[in-house]
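First listed ligand is number 1; within each ligand, the first listed atom is number 1.
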Amino acid sequence: MYTMDWKKKIEELKKGTIPEHLAIIMDGNGRWAKRKRMPRKAGHKAGVEKLKDVSRWCGELGISVLTVYAFSTENWGRPTDEVSFLMKLFETTLRKEKKELLKNKTRVCVIGDRTQLPAKLQELIQDIEESSKHCDVLRLNIALNYGGRREILDAVENLYHAVKDLPAEGITQDYFSRFLYTYDVPDVDFLIRTGGDMRLSNFLLWQTAYAELYFTSTYWPDFNQDELAKALSEFSRRQRRFGKIREV
Ligand code: IPE
Ligand code: IPE
Ligand code: MG
């Protein structure tokens with residue numbers, strides 16, 4: 001669904017640099033709901049709706065990989081009824097959105113430790129990953145029960161089992177990153193966090209080493225095309241030096 005305005009914005013943005021891999025910390029659902037005197041659950045529902053829009057917009061913009069933070073390894077510490085509501089919401093969303101995701105040629109992958117998720121949710125994840133394997137417009141990584149430190153430890157463990165006799169000097173950064181959950185996507189170019197806090201909250205610690213960071217106080221359910229365009233035009237203006245003197 002294009003409005004004239006959005007179409008123009010896309011054209012404008014495409015003249016600049018579009019990040020290949022965009023990561024988003026979708027924060028502020030609870031505060032958005034509170035401000036509207038609604039239960040936090042209503043904020044999470046609105047958050048899912050927003051993700052549907054944003055992933056479509058990313059596809060239209062030619063972003064190849066979008067990784068979103070949906071549930072952290074620390075989020076289990078929330079009240080049980082919020083946690084179980086979220087798990088149910090992930091289930092219904094995957095079930096309801098499968099058709100649309102496939103129609104939009106979105107390849108869905110879930111990153112994180114899925115073994116702790118409810119069995120039904122694990123099945124739905126497996127199903128959408130399998131069915132969307134061939135999709136090539138947008139790669140959508142959903143970080144679910146994801147923790148950056150957990151990911152690094154998992155990588156160490158998998159590497160240890162895979163290559164017991166590898167000399168230590170063989171473990172280069174490139175080689176190590178093949179054991180991360182994101183082994184088949186490039187590092188993050190641009191990270192957006194909504195909700196006003198300026199921290200990573202254990203998200204993609206390895207992959208954001210040289211990412212450009214962008215923080216907005218807008219709550220995730222209020223994030224819109226203008227906000228995305230503003231963030232991306234700022235990305236275009238950033239000078240990425242990767243430790244060198246000139247922009248590369
Ligand atoms: C982000 O919104 C979604 C999840 C962590 C699941 P929050 O639920 O953290 O919303 P705030 O930060 O409390 O407003
Ligand atoms: C980060 O948000 C996790 C997700 C958006 C899923 P949190 O709300 O959990 O982060 P903190 O607790 O404010 O750092
Ligand atoms: Mg939060």
Side-chain angles (χ1 to χ4, degrees), residues 21-55 57-58 65-97 108-118 120-122 124-125 140-154 180-182 188 190-208 211 213-224 227-228 231:
H21 185 174
L22 170 67
I24 305 184
I25 301 178
M26 311 181 290
D27 197 21
N29 293 348
R31 282 164 288 162
W32 177 88
K34 192 174 175 201
R35 202 182 53 199
K36 289 184 166 304
R37 298 178 196 284
M38 297 200 292
R40 291 179 59 84
K41 291 174 186 173
H44 294 313
K45 270 191 158 174
V48 165
E49 291 307 309
K50 189 47 45 101
L51 175 58
K52 280 158 57 180
D53 291 340
V54 171
S55 49
W57 301 337
C58 286
V65 186
L66 171 66
T67 303
V68 294
Y69 210 2
F71 192 87
S72 74
T73 46
E74 288 71 36
N75 288 147
W76 295 105
R78 296 187 178 201
T80 0
D81 75 319
E82 179 164 342
V83 171
S84 51
F85 176 82
L86 283 166
M87 294 301 148
K88 279 271 169 324
L89 182 64
F90 299 143
E91 283 177 31
T92 45
T93 305
L94 286 182
R95 205 178 281 119
K96 264 181 32 199
E97 297 310 318
V108 180
C109 298
V110 169
I111 58 170
D113 179 5
R114 65 181 71 179
T115 61
Q116 284 181 323
L117 301 174
K120 190 76 223 157
L121 180 54
Q122 289 188 44
L124 288 160
I125 291 171
L140 173 64
N141 294 322
I142 305 176
L144 235 175
N145 190 23
Y146 174 90
R149 287 184 171 182
R150 170 92 60 93
E151 178 183 29
I152 290 168
L153 279 186
D154 278 351
L180 295 168
Y181 305 148
T182 53
V188 175
F190 192 39
L191 178 130
I192 297 176
R193 181 175 185 142
T194 60
D197 288 305
M198 297 189 197
R199 53 176 171 259
L200 289 176
S201 302
N202 204 10
F203 191 42
L204 301 175
L205 299 179
W206 175 281
Q207 299 85 340
T208 53
L213 309 180
Y214 183 93
F215 301 97
T216 166
S217 55
T218 303
Y219 296 142
W220 174 245
D222 284 334
F223 195 75
N224 58 23
E227 288 265 353
L228 181 61

Please answer whether the main-chain N or O of Asp113 pairs with a side-chain N or O of Asn145 as donor and acceptor at a distance below 3.5 Å. yes
Among protein heavy atoms, which lies nearest atom 5 (C) of ligand 1, and at what distance? Arg78 NH2, 3.3 Å
More than 12 foreign heavy atoms under 6.0 Å from NZ of Lys50: is that the case here? yes
Considering non-hydrogen atoms of the protein only, which is the closest contact for atom 9 (O) of ligand 2, and what is the distance? Asn75 ND2, 2.9 Å
Return the orientation label for the Phe203 and Tyr146 ring planes: parallel under 30°, perpendicular over 60°, tilted otherwise. perpendicular
N/O separation below 3.5 Å, Trp32 to ligand 1: no
Using a 4.0 Å heavy-atom cut-off, which part of Met26 comes near ligand 1: side chain, backbone, both, or neither? backbone
Please determine whether the number of non-hydrogen atoms from other residues, nucleotides or ligands lying under 6.0 Å from atom CZ of Arg35 exceeds 12. yes
For ligand 2, find out whether one of its N or O atoms is nearer than 3.5 Å to an N or O atom of Arg199. yes
Under 3.5 Å, side chain of Arg31 to main-chain N/O of Gly195, donor-acceptor pair present? yes
Heavy-atom nearest neighbour in the protein, as seen from atom 10 (O) of ligand 1, with distance rounded to 0.1 Å: Gly30 N, 2.9 Å
If you measure every N or O of Tyr69 against every N or O of ligand 2, does any of those distances drop under 3.5 Å? no
Which is the closest N/O/S atom of Asp27 when seen from the Mg ion (ligand 3)? OD1
Do side-chain atoms of Glu151 reach the backbone of Tyr181 as a donor and acceptor pair under 3.5 angstrom? yes
Check whether any side-chain N or O of Arg193 sits under 3.5 Å from a backbone N or O of Arg199 as a donor-acceptor pair, and report yes or no. yes
For Asp27, counting its heavy atoms only, list the atoms of ligand 1 lying under 4.0 Å from any of them. 1 (C), 2 (O), 7 (P), 9 (O), 10 (O), 11 (P), 12 (O)
Are the side chain of Asn202 and the backbone N or O of Gly148 linked by a donor-acceptor pair below 3.5 Å? yes
Please give me the minimum heavy-atom distance between Val83 and Asn75, naming the atom from each residue. CG2-O, 3.6 Å
Give the residue and atom name of whichever protein heavy atom lies nearest to atom 3 (C) of ligand 1, and the separation in Å to one decimal. Asn29 ND2, 3.6 Å
Any heavy atom of Gly195 sitting closer than 4.0 Å to ligand 1? no
Check whether any N or O atom of Arg31, backbone or side chain, sits under 3.5 Å from an N or O atom of ligand 1, and answer yes or no. yes
Ligand 2 atoms in contact with Arg193 (distance to a heavy atom under 4.0 Å): 2 (O), 10 (O), 11 (P), 13 (O), 14 (O)
Would atom 12 (O) of ligand 2 count as contacted, meaning some protein heavy atom under 4.0 Å? no
Which value, rounded to the nearest 0.5 Å, describes the distance between Leu89 atom CG and Met87 atom CE? 10.0 Å
With atom 6 (C) of ligand 1 as the reference point, say which of Gly47, Ala70, Ser201 has the nearest heavy atom. Ala70
Ligand 2 contact on Phe71 by region, counting heavy-atom pairs under 4.0 Å: backbone
